[in-house]
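Throughout, protein chains are lettered first and strands after them, A, B, ... in sequence-line order, and every chain is numbered starting at 1. Scope of the values below: all heavy atoms of this structure, side chains included, with no hydrogens, waters or symmetry mates. It should be emphasised that the depicted structure is a prediction, and the values quoted were computed from it without experimental measurement.
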Amino acid sequence: MNIVFMGTPDFATPVLERLIAEHNVVSVYTKAPSQSGRGFELKKTPVHLIAEKNGIPVKTPTTLKDEVAQKEFATMGADAAVVAAYGLILPQAVIEAFKFGCLNVHASLLPRWRGAAPIQRAIEAGDETSGVTIMQIVSKLDAGKMYAKKAMPITNETTGGSLHDALAKIGADLMSDVLKNIHDIEPVAQDENLATYAKKLEKDEEKLDFNMSAAYLERKIRAFNPYPATYFEHQGERFKVLRAKVVEKTGKAGEILEGKNALIIACKEGALEVLEIQRQGKRAMATSELLRGFCFEQNTFVGA
RNA sequence: CGCGGGAUAGAGCAGCCCGGUAGCUCGUCAGGCUCAUAACCUGAAGGUCGUUGGUUCAAAUCCUUCUCCCGCAA
């Protein structure tokens, strides 16, 4: 099958690699290289790099709304477009430009968690299951008919990173299956009454608010690991928290109950023992390692 | 050239501002104590202080080259 691929971040690369292996990827669309990272170097997207490595033409339009961009699709003779975390809105004209339409890989079991950050929101909310949905793109966000779904459990060990990687692989498999059987699958509509939205992660969410319960904060820490990661501030320094567990202790919210042999911080309900931490300028390490040479003063407060 | 922090024993840190014998906590090893232990006591090994050059009687410390790591920001 001749396919146009559209995607941007790491989540999209397993899907693209699978398509390259199994189909004829005629063109790849991704976001333009942008100044990012230390030194503001111009960085190509992960999808961009994979495409280049495989000698596939890459296009990086800033919008697909103009007619020039849309006419390109007509001349490619592609049967379908596969979209994975592309980051641009597809206008109706693009959606209709392909025989099989535009197929999207979404990292949740739709209609739950439509939107930008389904992986993190599922963990944060305490869902016991996550998964991948392959659906048809329609003008309404993540609301198209579904071809296939595959679930996977969320455990106490699941982090945003681990779930992301697992779902990306599942997504690649599932998309492969759907494309193979596209003639035989009748897509089913989503139940609009069950739809929820996963709003994108905001900067101010990264700061841990110890006025929340320990159980919630623990989930959030896992959801935000490794990116964008949560943190607290203590005596002018910022400490990223990568892993923690809930412990049965009480104190005023944000109070350091133990700072020498372990780091335990009181929350509104319960307390958190920080297990993996990253001091600014340093790499992430087990809290026990940091505490060999560093000490948090007991009974001082962190956070706000 | 977006802003900033860091590199010191196997690990984590202090020392640097104000140059003058290389420190702390832990780990390792040996011995001791104990019914016993991740506990306790005694002792030991382990460092060209990331790299280059300079200043100086003297550099972990001040200036400089490069490499690597990280935070912010996007």
Side-chain angles (χ1 to χ4, degrees), chain A residues 6-13 29-50 58 60-63 84-89 115-117 119-121 159-162 164-165 198-210 217 220-245 247-249 254 256-265 272-304:
Chain A
M6 305 178 198
T8 294
D10 284 319
F11 182 78
T13 57
Y29 282 70
T30 189
K31 282 206 176 159
S34 62
Q35 282 197 330
S36 64
R38 262 165 234 132
F40 268 7
E41 285 171 19
L42 217 52
K43 286 222 172 87
K44 291 176 180 172
T45 69
V47 162
H48 197 139
L49 295 173
I50 299 276
V58 177
T60 60
T62 53
T63 176
Y86 181 30
L88 290 188
I89 305 240
I119 296 171
Q120 289 86 351
R121 296 302 178 197
T159 65
S162 73
H164 169 280
D165 294 351
K199 71 174 185 340
K200 73 176 194 182
L201 307 179
E202 299 289 346
K203 200 105 230 142
D204 57 9
E205 291 184 80
E206 294 164 23
K207 188 167 182 172
L208 290 170
D209 178 4
F210 291 96
L217 289 176
K220 182 167 181 171
I221 289 164
R222 264 193 291 128
F224 280 46
N225 170 324
Y227 180 86
T230 56
Y231 71 91
F232 64 81
E233 278 164 2
H234 184 57
Q235 299 184 340
E237 237 187 292
R238 185 184 284 215
F239 294 86
K240 277 193 179 180
V241 178
L242 285 313
R243 213 154 53 82
K245 74 173 179 188
V247 293
E248 300 282 326
K249 292 204 172 187
I256 294 182
L257 300 174
E258 171 69 58
K260 200 170 178 188
N261 299 314
L263 176 56
I264 297 176
I265 303 170
L272 276 184
E273 177 173 358
V274 177
L275 298 176
E276 194 176 344
I277 196 165
Q278 182 169 10
R279 197 178 170 187
Q280 57 185 34
K282 302 286 190 175
R283 64 193 69 209
M285 64 186 75
T287 305
S288 60
E289 281 185 281
L290 178 65
L291 292 177
R292 274 177 208 148
F294 189 88
C295 183
F296 291 92
E297 206 175 327
Q298 205 167 328
N299 300 325
T300 57
F301 285 81
V302 303

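B:U8 sits 14 Å from B:A59 when the C1' atoms are compared, rounded to a whole Å. Of the C1' atoms belonging to B:C16 and B:A73, the separation is 29 Å, rounded to the nearest Å. Separating the P atom of B:G53 from that of B:U65 is a span of 14 Å, rounded to the nearest Å. Nucleotides B:U34 and B:C49 have their C1' atoms positioned 41 Å apart, rounded to a whole Å. When the C1' atom is compared between B:C72 and B:U61, the two are found 28 Å apart, to the nearest whole Å. Only the C1' atoms considered, B:U56 is 31 Å distant from B:G46, to the nearest whole Å. Here, B:G12 and B:G50 have their P atoms 14 Å apart, quoted to the whole Å. When the P atom is compared between B:C68 and B:U52, the two are found 16 Å apart, to the nearest whole Å.
Using the Watson-Crick or G-U wobble rule with both distances under 3.5 Å, B:C57 pairs with B:G20. Across the strands present, B:G71 finds its partner in B:C3; the criterion is a Watson-Crick or G-U wobble pair with both atom distances under 3.5 angstrom. Remark: B:G10 base-pairs with B:C26. Criterion, Watson-Crick or G-U wobble with two distances under 3.5 Å. In a base pair of the Watson-Crick type (N1 to N3 plus N6-O4 or O6-N4) or a G-U wobble (N1-O2 and O6-N3), with each distance short of 3.5 Å, B:U34 is matched with no nucleotide.
A sub-4.0 Å separation between OP1 or OP2 of B:G71 and a side-chain N or O of A:Q278 is present.
Applying the salt bridge (Lys or Arg N to Asp or Glu O under 4.0 Å) test to every pair with at least one member in residues 281-291 of chain A, sequence neighbours left out, gives no pairs at all.
Shown here are the ring-ring contact (aromatic ring centres under 6.0 Å, His included) partners of A:H164, two or more places apart in sequence or in another chain: A:F11. Under the ring-ring contact (aromatic ring centres under 6.0 Å, His included) criterion, A:Y29 pairs with A:F73, sequence neighbours left out. The salt bridge (Lys or Arg N to Asp or Glu O under 4.0 Å) test applied to A:E297 returns no partner, not counting sequence neighbours. Annotation: salt bridge (Lys or Arg N to Asp or Glu O under 4.0 Å) contacts of A:R279 (sequence neighbours excluded): A:E237.
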Name the pairs: protein N/O against N/O of nucleotides 72-74 of chain B, kept only if under 3.5 Å.
from  : atom 1 : to     : atom 2 : distance (Å)
B:A73 : OP2    : A:K203 : NZ     : 2.9
B:A73 : N1     : A:G37  : N      : 3.3

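As rounded to whole Å, 12 Å separates atom C1' of B:C70 from atom CZ of A:R279. Summarising the geometry, the separation between CE on A:M285 and P on B:A7 is reported as 12 Å, rounded to the nearest angstrom. Put simply, CD1 on A:I277 is 14 Å from P on B:G71, counting in whole angstrom units. The CZ-P distance, from A:R292 to B:C26, rounds to 10 Å in whole Å.
Taking 4.5 Å as the limit, some side-chain heavy atom of A:F296 sits within range of a side-chain heavy atom of A:L291.
For A:K282, counting side-chain heavy atoms from C-beta on, the closest listed nucleotide (B:U25, B:G71, B:G6) is B:G6.
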key: Step-by-step side chain to side chain contact (heavy atoms under 4.5 Å, CB included) determination, A:K220 to A:E205   = CA-CA 9 Å; A:K220 182 167 181 171; A:E205 291 184 80; 4.0 Å; yes
